[in-house]
Amino acid sequence: MIKLGVNIDHVATIRQARGGIEPDPITAAAIAELAGADSITVHLREDRRHINDRDVKILSKTIKTRLNFEMAATEEMQKIALEIIPHSVCLVPEKREELTTEGGLDVLKQKDFLKQYIKPLKKKGILISLFVDPSPEQVKAASETGAEFIELHTGTYSEYFDTKKEDEAFSELQQAAKLASELGLTVNAGHGLNYWNVRRILAIPGLYELNIGHTIISRAVLIGMEKAVKDMKDILDLK
Ligand code: PXP
């Protein structure tokens, strides 16, 4: 059975809209775990636009499943990862101006750097995942870094879902997953998956875990709306 990693970044996005304390991603992580999430992912971005240092520190102590710490391969993030010791680190490219992670890591271009970068993390027992586009060159390069996992970028498949280009994007994912497994990597996937396009992904053999965020948080807002309004009405009706 494919495992589900829940990305809770956008709970923090809502909190940051007011700069206050609610909704708290720590509580969201606990509820996700109680609902069956197999792991919790957070991306601590350089600009701290959603998840912040306090969040990762507390989550590293309170998460009962696995904390997957998504980060850019910078000195600052390496230091934080070595302090909090998450279960796994997923290295992603990061551009300041992007709305979300736009593409996979160019492992081919920075293979030697990444090999050295992950060494101290691996030494502490942290599992390493590299977020890559479903291209054979990137998958092969990832397998030569010492990383245990790759996370295949499903963004293109998600974008082309239900269009003429869907089959081609799906087939690239399928082939990349096959190659990665043959090269001894454990294969995760994520980005842009939702309640509709995820079904086809289940047909890819050997996938270990899907990391899904935006669609789950979006649904949580809508599903929770009725109860939230009723709770407020109950208070107003007291008078
Ligand atoms: N995996 C990675 C590496 C990501 O960067 C993201 C987005 O932060 C996700 C999965 C989750 O993507 P989404 O929020 O579109 O489900």
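Indexing begins at 1, ligand by ligand and atom by atom, following the structure's order. Owing to the predicted nature of the structure, the values given are computational and were not obtained by experimental measurement.
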Check your understanding: Which of the atoms of ligand 1 are close to Val92, meaning less than 4.0 Å from one of its heavy atoms?
Key -> 3 (C)
**Study point:** Thr74 and Gln78: side chain donor to acceptor below 3.5 Å
**Key:** no
Review point. Is there a donor in the side chain of Glu148 and an acceptor in the side chain of Ser129, or the other way round, less than 3.5 Å apart?
Key: no
Practice item. Return yes when atom CG of Leu202 has more than 12 non-hydrogen atoms of other residues, nucleotides or ligands closer than 6.0 Å, and no otherwise. Key: yes
**Study point:** Nitrogen or oxygen of Phe131 less than 3.5 angstrom from that of ligand 1
**Key:** no
Study note, to complete from the structure: Nearest heavy atom to atom 4 (C) of ligand 1, choosing from Arg45, His153, Glu70, His10, belongs to Glu70
Point to revise | N/O separation below 3.5 Å, Gly192 to ligand 1 | key: yes
Review point. Checking side-chain contact (heavy atoms from CB on, under 4.5 Å) against Thr215, which of Val198, Asn194, Leu193 comes through?
Key: Asn194
Point to revise | For His214, atoms of ligand 1 separated by under 4.0 Å from a heavy atom | key: 13 (P), 14 (O), 16 (O)
Check your understanding: Which ligand 1 atoms, with their elements, are less than 4.0 angstrom from a heavy-atom of Ile212?
Key -> 16 (O)
Practice item. Find all atoms of ligand 1 within a distance of less than 4.0 Å from any non-hydrogen atom belonging to His191, and give their numbers and elements. Key: 4 (C), 5 (O), 6 (C), 7 (C), 10 (C), 12 (O), 15 (O)
**Study point:** Donor on one side chain, acceptor on other, Glu151 and His191, under 3.5 Å
**Key:** no
Check your understanding: With side chains defined as the heavy atoms from C-beta onward, is the minimum distance between Asn188 and Leu152 less than 4.5 Å?
Key -> no
Check your understanding: Taking only heavy atoms of Asn211, which atoms of ligand 1 are found under 4.0 Å from at least one of them?
Key -> 10 (C), 11 (C)
